[in-house]
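Okay, so here's the structure we're looking at.
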Amino acid sequence: MTVISVQRVTKTFGGHDALTDLSVTFDDGGFYALLGPSGSGKTTLLRLIAGFEFPDAGRILFNGDPVEMLPAEKRDVGMMFQSYALFPNMSVFDNVAFGLSVRKVPAAEIRTRVGEALELVRLTGYDRRKPSELSGGQRQRVALARAIVFRPRVLLLDEPLSALDKALRLGMQVELRRIQRDVGITTLFVTHDQEEALTLADRVGVLRDGRLVQEGPPRQLYERPATAFTATFLGDANLLRGPTTAGVLTLADGTSLVPDSPASGAEAICAVRPERIDLLAPGEDAAGRNVITGTVSEVIFAGNALHYLVDWQGQSLKVTSPNRGTQAAAPGESVRLGFARRDTVLVAP
Ligand SMILES: Nc1ncnc2c1ncn2[C@@H]1O[C@H](COP(=O)(O)OP(=O)(O)OP(=O)(O)O)[C@@H](O)[C@H]1O
């Protein structure tokens with residue numbers, strides 16, 4: 001069931017469109033990642049949903065009711081920002097209880113709800129500590145408890161993990177996902193980290209220049225990017241271009257490329273993921289795959305993988321192979337690259 005419906009929303013700051021005619025829906029209990037480069041409008045979308053900004057055009061519905069002109073406190077959303085600023089002189093308990101106290105919730109109920117929230121973020125027993133006596137990850141969890149203690153119908157998280165170092169971030173990702181499942185709360189999560197979006201979310205929306213360019217389950221976005229932008233922003237992709245005849249691309253060196261779906265037009269673009277390309281052994285049958293021939297320029301050791309950079313028609317193509325203890329080709333060698341038709345994804349410019 002749709003909980004939030006954003007309909008044709010435009011938001012302008014000083015003549016500059018932060019969001020343009022953007023529509024998207026969020027279902028009950030879902031975990032959504034909003035992904036995009038800096039300035040693409042992610043935070044603006046979140047602030048419009050939260051009620052910290054108001055759209056210039058378009059509607060925002062919560063369970064079918066228009067809320068776009070309601071102030072934040074009337075919308076029943078919990079929000080957690082990157083700079084989550086706990087009150088340093090207050091205990092963990094008082095930090096989490098603060099919003100409830102301000103709303104004059106009875107003391108006994110505050111105790112119960114704060115206790116539940118702290119249990120959920122695994123901080124039971126830490127209630128008397130001050131923020132300065134906690135680790136970065138624990139402080140982050142206090143901020144999360146503070147956002148969920150209201151039992152809001154929607155949780156909005158703006159880059160909540162970006163201040164944490166990598167190890168802590170991975171731990172918090174797992175925690176966040178568990179808490180979201182336990183509470184079943186609809187969660188919108190802004191990030192510019194594509195791996196974080198792919199691992200955490202049920203659905204990912206990709207923003208670019210204030211527009212939603214593609215939205216769907218992570219696997220679908222990764223396997224079937226609709227545009228060259230999505231293909232390269234969400235993971236690595238080699239882009240191969242050329243004119244088409246009868247659904248087949250002709251590349252600059254005359255090679256024919258058969259894409260996953262029939263191509264048409266003066267110039268088509270295919271995206272091929274580096275890990276879907278095989279370096280064919282000399283004489284190896286391509287077995288119906290697309291094949292292009294280039295020259296290895298560099299081999300990069302990355303621990304669990306090897307990245308081969310291959311010069312082809314002035315382009316540097318990337319091929320990634322799992323590290324099985326051997327290297328398939330050395331710089332200067334000519335190599336044939338084989339990749340299946342289904343991995344040759346036709347994308348829009
Ligand atoms: N209060 C404001 N006043 C003027 N311009 C703003 C304001 N808020 C956002 N913008 C502009 O709107 C555009 C979108 O900004 P937004 O913060 O939504 O992007 P973002 O995708 O969240 O970026 P980041 O990843 O850097 O946080 C940017 O060009 C930004 O400069």
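Remember, it's 1-based here, ligands and their atoms both numbered in the order they're listed.
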Evaluate [X] for polar contact with ligand 1, using N/O atom pairs at a separation under 3.5 Å.
{"X": "Gly39", "answer": "yes"}
{"X": "Ala18", "answer": "no"}
{"X": "Ser38", "answer": "yes"}

Run the side chain to side chain contact (heavy atoms under 4.5 Å, CB included) check on Leu144 and Leu155 step by step: do they pass? CA-CA 10 Å; Leu144 189 58; Leu155 187 60; 4.2 Å; yes

At under 4.0 Å between heavy atoms, what of His192 touches ligand 1? The answer is neither

Under 3.5 Å side-chain donor-acceptor pair for Asn290 and Thr344: yes

Do Asp193 and Thr191 get their side chains close enough for a donor-acceptor pair, meaning under 3.5 Å? no

Tell me, which protein residue and heavy-atom name are nearest [atom], and how many Å apart are they?
{"atom": "atom 19 (O) of ligand 1", "result": "Gly41 N, 3.3 Å"}
{"atom": "atom 16 (P) of ligand 1", "result": "Thr44 OG1, 3.6 Å"}
{"atom": "atom 8 (N) of ligand 1", "result": "Phe13 CE1, 3.4 Å"}

query = Under 6.0 Å between ring centres, would you say that holds for Phe87 and Phe98?
reply = yes

With a 4.0 Å cut-off, strictly under, does atom 30 (C) of ligand 1 pick up any protein heavy atom?
no

Heavy atoms of the protein only: does one fall short of 4.0 Å from atom 3 (N) of ligand 1? yes

